Structures are given as C-alpha cells and as structure tokens.
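Data first, discussion second: the structure below is written as structure tokens.
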Amino acid sequence: MIIQKLPWAGIRVQTETTSLAIDPLFHFPSKFGQPQEPLYPLNEFGPVDAVLITHHHGDHFDPEAIASFYGEAIPVYLPEASVELAGHSRLTHVMGAAVGQSFCIGSFTITAVPSVDGMGDPQVAWIVRSEDTQLIHCGDTLWHGYWWSIASTYGPFDAACLPVNGAVLELPGRKPSGQPICLTPEQAVSAAVVLGARTLIPIHYGMIHHPPIYTQTPNLLDRLKASADGTMDLTILQTKEIHVL
C-alpha cells in the first residue's frame with residue numbers, strides 16, 4: 001500500500017490495482033485568507049477509483065474539484081448524514097456510510113468508524129485495508145473516547161493519519177471558546193498510541209493560519225517530534241511525497 005500526501009488533510013492511497021483519495025482539496029475556502037502552501041490540480045496526483053470524504057466542511061469536501069478532475073460519475077462516500085449536502089453539486093454518485101459500515105472498492109475494504117468534529121457536524125474516520133495492511137484517516141477530529149473501541153475492534157494499524165494543528169477558531173456570530181477544534185500534536189501522538197499505530201502521519205497543518213479567525217497551534221512540528229520520540233515512528237510527508245506501508 002502506497003500513501004501519497006495531498007494538500008492539507010488529503011491523502012491518496014494506492015495498491016497495484018486500486019487507488020482512492022481521502023479529503024482531496026483544490027479550491028481554498030476564502031474565509032481563511034490566502035493558503036500558506038500551494039494547491040495542485042488533483043489530476044497531478046494520478047487517477048482514483050473513488051473518493052472518501054470525512055465530513056462536508058469546505059476544506060475537506062471540494063465537490064467542484066472532485067467533479068472537474070476525477071469526473072462527475074466518480075463514486076464519492078460521505079457520512080450518511082451529509083449526503084444531502086452534496087445534492088447541488090455536479091457529482092452523480094454520492095453515497096452515505098453509517099458508522100460501522102464496511103464496503104469494498106477494488107482491492108480495498110473500507111470501514112467508517114466514529115469521529116468527532118470540532119463544530120459538532122457529522123464526521124467519520126475511514127479505515128482502509130488491503131490484505132494485511134491497513135491505515136486510518138481521521139479528518140480533523142478532536143480528542144474523543146472512541147479511540148479504545150476502534151483499537152479493540154479494528155486495530156492495530158500500520159499508519160494513522162491524524163490532524164495535528166490544534167486550531168482555535170473565532171468565527172463571526174459564535175462565542176469563541178479558546179479551545180482547539182482538532183487534535184494538538186500531543187493529543188495526536190496519544191491517539192496513535194491508543195490505536196496501536198506503528199506509524200503516525202500528520203495531516204491538517206501548515207496551509208491555514210489566519211488569526212483570529214483560524215489560529216494554528218505554535219511550534220507544532222517540534223512538539224510532535226518531541227512527543228513521538230521513542231514512542232512510535234513519525235513520518236512527516238511533504239505534498240506529493242509518498243510512503244510505502
């Protein structure tokens with residue numbers, strides 16, 4: 001299984017016969033100012049047989065890019081509560097998945113498992129398995145109590161793709177909490193430990209930092225390295241870089 005880093009929270013997963021993308025992004029949400037890293041046309045990363053979306057927020061679900069670069073008929077899977085939100089897009093094959101549901105895409109077995117969104121919107125984490133290798137991609141989850149049940153039911157994992165930027169939001173019309181809406185570097189390492197992950201691949205950092213609307217936690221890579229040191233393998237991928245499991 002080959003993992004390729006896409007911008008922001010996205011990855012492309014590939015075997016000899018099947019490829020899929022999780023949370024591919026090309027159009028940057030304007031409310032976050034200018035992207036701090038480049039975005040690339042999705043076809044530069046290669047074709048895919050299907051797309052998995054962890055949740056419907058604009059920095060994770062980019063239906064226009066999916067339709068333009070992968071085709072309007074590409075199978076797209078979202079949390080079942082989010083399917084109706086894709087109804088006005090050009091995508092013609094959007095399907096919902098319930099927590100605990102498994103299905104096959106080519107050589108992959110896909111399972112939707114619990115995840116908790118920082119805004120209280122529907123979200124799932126995706127487990128992708130091929131033969132004896134599996135990874136979990138957790139979107140932009142915050143810390144939750146499902147880690148242990150996921151680990152006992154589906155673990156261990158060869159890789160866990162986890163958000164690490166501990167973002168704090170101040171959105172118009174919402175009273176700010178001052179609390180991170182996704183995992184901090186230290187929480188990501190703790191989650192990977194509980195999941196029994198051999199390798200932690202950080203996602204969801206670097207591209208967005210637009211205070212006070214969206215403030216990324218400081219010194220995140222140094223903190224991540226310090227927290228993971230001696231605990232597990234930490235694989236920091238640059239966009240387009242690959243990692244073989």
Side-chain angles (χ1 to χ4, degrees), residues 8-11 22-25 27-33 51-63 66 76-89 91 94-101 110-127 136-151 153-154 160-192 194-195 202-217 220:
W8 191 229
I11 65 170
I22 305 178
D23 288 358
L25 179 68
H27 297 103
F28 191 75
S30 60
K31 66 182 178 182
F32 296 135
V51 176
L52 307 178
I53 300 297
T54 58
H55 62 300
H56 68 266
H57 291 169
D59 59 326
H60 292 259
F61 181 39
D62 187 350
I66 293 170
V76 178
Y77 296 84
L78 292 93
E80 59 179 356
S82 301
V83 171
E84 63 183 49
L85 298 173
H88 299 294
S89 74
L91 300 170
V94 178
M95 291 151 282
V99 169
Q101 180 179 347
I110 314 296
T111 304
V113 295
S115 188
V116 179
D117 181 73
M119 302 301 291
D121 292 318
Q123 182 170 180
V124 298
W126 294 109
I127 295 173
I136 184 169
H137 182 290
C138 295
D140 67 358
T141 189
L142 44 69
W143 181 267
H144 57 68
Y146 295 107
W147 305 116
W148 289 271
S149 62
I150 293 172
T153 304
Y154 303 103
C161 300
L162 296 169
V164 298
N165 73 335
V168 175
L169 296 188
E170 291 190 19
L171 297 178
R174 298 202 180 201
K175 188 175 182 65
S177 69
Q179 297 301 314
I181 63 160
C182 55
L183 297 177
T184 65
E186 295 80 11
Q187 288 175 329
V189 172
S190 295
V194 174
L195 289 168
I203 59 172
H204 199 269
Y205 69 95
M207 180 171 288
I208 303 176
H209 181 62
H210 188 55
I213 293 174
Y214 191 103
T215 303
Q216 176 171 271
T217 194
L220 69 86

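Keep in mind that this is a model prediction, so the values were computed, not measured.
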inquiry  = Before you tell me yes or no, could you show the steps for Ile66 and Phe61 under side-chain contact (heavy atoms from CB on, under 4.5 Å), namely the whole-Å CA-CA distance, both residues' side-chain angles and the distance that decides it to 0.1 Å?
reply    = CA-CA 9 Å; Ile66 293 170; Phe61 181 39; 4.0 Å; yes

query = Would Leu169 and Ile213 count as a side-chain contact (heavy atoms from CB on, under 4.5 Å) if you check the C-alpha gap in whole Å, the side-chain angles of each, and the deciding distance to 0.1 Å?
reply = CA-CA 5 Å; Leu169 296 188; Ile213 293 174; 5.5 Å; no

task = Start with the C-alpha gap between Ile110 and Leu52, add the side-chain angles, then the distance that decides, and say whether side-chain contact (heavy atoms from CB on, under 4.5 Å) holds.
result = CA-CA 9 Å; Ile110 314 296; Leu52 307 178; 3.7 Å; yes

request  = Show your working on side-chain contact (heavy atoms from CB on, under 4.5 Å) between Val51 and Tyr77 and close with a plain yes or no.
outcome  = CA-CA 6 Å; Val51 176; Tyr77 296 84; over 6 Å; no

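Residue Gln101 qualifies as enclosed at atom CD: its count of foreign heavy atoms under 6.0 Å is above 12. Annotation for Tyr146: atom OH does not count as buried by contact number, only 12 or fewer foreign heavy atoms lying within 6.0 Å.
You'll find the side chain of Gln123 stays beyond 4.5 Å of the side chain of Val116, heavy atoms only. The shortest side-chain heavy-atom distance between Pro114 and Val124 does not fall under the 4.5 Å cut-off. Between Asp117 and Thr141, every side-chain heavy-atom pair lies at or beyond the 4.5 Å cut-off. When side chains are defined from C-beta on, Ile53 counts as touching Val76, because their heavy atoms get closer than 4.5 Å. Using a 4.5 Å heavy-atom threshold, the side chains of Ser115 and Thr54 count as separate.
Applying the side-chain hydrogen bond (donor to acceptor under 3.5 Å, both in side chains) criterion to Asp62, with sequence neighbours excluded, gives His27. Contacts of Val83 classified as side chain to side chain contact (heavy atoms under 4.5 Å, CB included), with partners at least two apart in sequence or in another chain: Val94. Every residue meeting the ring-ring contact (aromatic ring centres under 6.0 Å, His included) condition with His55, not counting sequence neighbours, appears here in chain and number order: His57, His60. Val113 is linked by a side chain to side chain contact (heavy atoms under 4.5 Å, CB included) to Thr111, Ala125, Ile127, Ile136, Ile150, Tyr154, counting only residues two or more places apart in sequence or in another chain. When the ring-ring contact (aromatic ring centres under 6.0 Å, His included) test is applied to Tyr205, no partner is found at least two apart in sequence or on another chain.
In this structure, CD on Gln187 lies 9.0 Å from SG on Cys182, to the nearest 0.5 angstrom. Taken from CD1 in Ile22 to CD1 in Ile203, the straight-line distance is 8.5 Å, to the nearest 0.5 Å. The CG atom of Asp59 lies 5.0 Å from the CD1 atom of Ile208; values are rounded to the nearest 0.5 Å. Between the CD1 atom of Ile181 and the CG atom of Asn165 there is a distance of 8.0 Å, given to the nearest 0.5 Å. Remark: Trp143 CH2 to Gln179 CD distance equals 15.5 Å, nearest 0.5 Å. Going from atom NE2 of His56 over to atom CE of Met119 covers 9.5 Å, rounded to the nearest 0.5 Å.
At distances below 3.5 Å, at least one donor-acceptor pair connects side-chain atoms of Thr153 with backbone N or O atoms of Ser149. Formation of a donor-acceptor pair under 3.5 Å by the Trp148 side chain with backbone atoms of Gly145 is not found in this model. Of the possible polar contacts, one joining the His137 side chain to the Gly139 backbone as a donor-acceptor pair under 3.5 Å is found.
Nearest heavy atom pair, residue Ala81 against residue Pro122, reads CB-CG, 3.7 Å. Contact detail for Phe28 and Gly33: the closest heavy-atom pair is CE2-O, 3.4 Å. Residues Leu195 and Ala151 approach most closely at CA-CB, 3.9 Å, considering heavy atoms. Closest approach of Ala191 to Leu162, counting heavy atoms only: CB-CD1, 4.1 Å. Pairing each heavy atom of Pro180 with each of Thr184, the nearest pair is CG-CG2, 4.0 Å. Shortest non-hydrogen contact noted between Ala97 and Ala112 is CB-CB, 4.2 Å.
Sequence neighbours left out, the pairs with a member in residues 163-192 that pass salt bridge (Lys or Arg N to Asp or Glu O under 4.0 Å) are Glu186-Arg223.
No hydrogens or angles considered: nothing links the side chains of Trp8 and Asp23 as a donor-acceptor pair under 3.5 Å.
Ring-plane geometry between Tyr214 and Phe32 is classed as perpendicular, the angle between the planes exceeding 60 degrees on a 0 to 90 degree scale with a lower cut at 30.
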